[in-house]
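Worksheet: one structure, shown below.
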Amino acid sequence: MTVGNLSVEATASRSHSDLRKVGSHPDYWYPIAWSHELKPGRTFAGHFAGEPIVLVRSVEGDVFALEDRCAHRQVPLSKGTVDGCTVRCCYHGWRYDGSGQCVDVPYLGKGKLPNGVRSYPCFESNGIIFVWPGTAPAADPLAQIGHAAEPGYKSRRFGKIVRCHYTFMHENLMDMNHQFLHRRTTGKVTPRYLASRKGDGWMEVDYSFARPDQKPPLGETVIVGSLRGSARTARDLMTVRTDYPYQTLRMWTRDDKPVLSVWLGYTPVDAEQRRNRTFIVLSVRKPKIPGVLDLAWPVLAWFTDRVFAEDCEIVEMEQAAFDEQGADWNQEVFPPIRELRTLLRDCGNPR
């Protein structure tokens, strides 16, 4: 039996290996919230692949993460109140500590306390709160998030919920051949694929970029102009890396320190993983003249926000096409992206 030009067996095989049906593997650290979203003495409602997770910050500033359901009536603990280093359910006042243990039911004796709720390992670094949603023992917290902690760089943090499977985000960033999409924002850019490398759970791709007989837009000048030199035709080196489940982008001009460093995390929100919350930490190397980067920062923010918006729009179109067709019909021809797709499939969590 055939469906179009494909047999039923071939269609089933395609569905079984469909990258867009591979979930994010939970045994990694995932960003759940920006630090500024969780005020002292407050809660924050987050999600990982449909699992509701509440972040709690004590008045002293410590953070813990629990299943966002009270064991009693299953209402969200994120609607409750913070009480010292515990959180109280808004319904009957059941109280939970950072381990998820129920430590108080106002109308019961201490010897009759019920079981608690699940707790999640978490840590906070460089303005982001991470949670370990898996069942395996948590790995050590991430040692470095881009160049955000280095004093020689100025960083901005931004992102949003993007209506697409996280794999579309990985492909979009790593495939720099899509610069035609950004032509109205970045002008004419000619990318050239140089090389790729891969290992266990990672791969990276090198590109050079040229602007033949054309000046870069103001946003790009803010990022690299003063560090690039006076060459009339600029040619830069960029390396994009997927280190599952994160991505990084680094750009060099004339020396060993990148002028631009970007770290990206993609956290699936819904159970079907058709939406992900994208976290971006963009760091720009400070020029020698103090204050210049601060003055130009609004322009850089506008420029990077616009590029990100264009990428979000196109990957959401890809997701819409997938949903309409019911399967991944992409005809990928670029070898590094074919390798990336294999990596994401091998590292992911088939559902």
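- Using a 4.0 Å cut-off between charged nitrogen and carboxylate oxygen, Arg274 and Glu316 do not count as a salt-bridge pair.
- Using a 4.5 Å heavy-atom threshold, the side chains of Val259 and Val284 count as separate.
- Aromatic ring centres of Trp263 and Tyr246: separated by under 6.0 Å.
- In this model, no donor atom of one side chain and acceptor atom of the other lie less than 3.5 Å apart for Asp243 and Gln247.
- Going from atom NZ of Lys198 over to atom CG of Leu343 covers 9.0 Å, rounded to the nearest 0.5 Å.
- Side-chain atoms of Thr304 and Arg156 form a donor-acceptor pair, as typed in the model, at a separation below 3.5 Å.
- A donor and an acceptor atom, one from each side chain of His47 and Asp68, are nowhere located under 3.5 Å apart.
- Under a cutoff of 6.0 Å and an axis angle of 45°, Arg338 and Phe334 do not form a cation-pi pair.
- For Arg20 and Phe168, the positive end sits near the middle of the six-membered ring, less than 6.0 Å away and at most 45° from its axis.
- Aromatic pair Phe279/Tyr266: centroids not less than 6.0 angstrom apart.
- A cation-pi arrangement is present between Lys154 and Trp297, with the terminal nitrogen or guanidinium carbon under 6.0 Å from the aromatic centre and inside a 45° cone about the axis.
- A cation-pi arrangement, defined by a distance under 6.0 Å to the six-membered ring centre and an angle within 45 degrees of its axis, is absent between Arg306 and Phe303.
- Using a cut-off of 4.0 Å between Lys/Arg side-chain N and Asp/Glu carboxylate O, Arg88 and Asp104 are scored as salt-bridged.
- Asp83 and Thr81 share no donor-acceptor pair across their side chains, judged by distance under 3.5 Å alone.
- You'll find the side chain of Phe322 stays beyond 4.5 Å of the side chain of Met317, heavy atoms only.
- The aromatic rings of Phe123 and Phe130 lie parallel to each other, their planes meeting at an angle below 30°, with 60° marking the opposite boundary.
- Ile161 and Ile32 fall into different hydrophobic clusters, defined by Ile, Leu, Val, Met, Phe, Trp and Tyr side-chain heavy atoms under 4.5 Å apart, directly or through other members.
- Counting only N and O atoms by type, the side chains of His147 and Ser261 include a donor and acceptor under 3.5 Å apart.
- A donor-acceptor contact shorter than 3.5 Å is absent between the side chain of Ser58 and the backbone of Cys85.
- In this structure, a donor-acceptor pair under 3.5 Å is absent between the side chains of Glu171 and Tyr166.
- Figure legend: cation-pi geometry between Arg241 and Trp202, with NZ or CZ positioned under 6.0 Å from the six-membered ring centre and within 45° of its axis.
- Ion pairing between Arg285 and Glu150 fails under the 4.0 Å rule for side-chain N and carboxylate O.
- Taking 4.0 Å as the cut-off between side-chain N and carboxylate O, Arg345 and Glu339 do not count as a salt-bridged pair.
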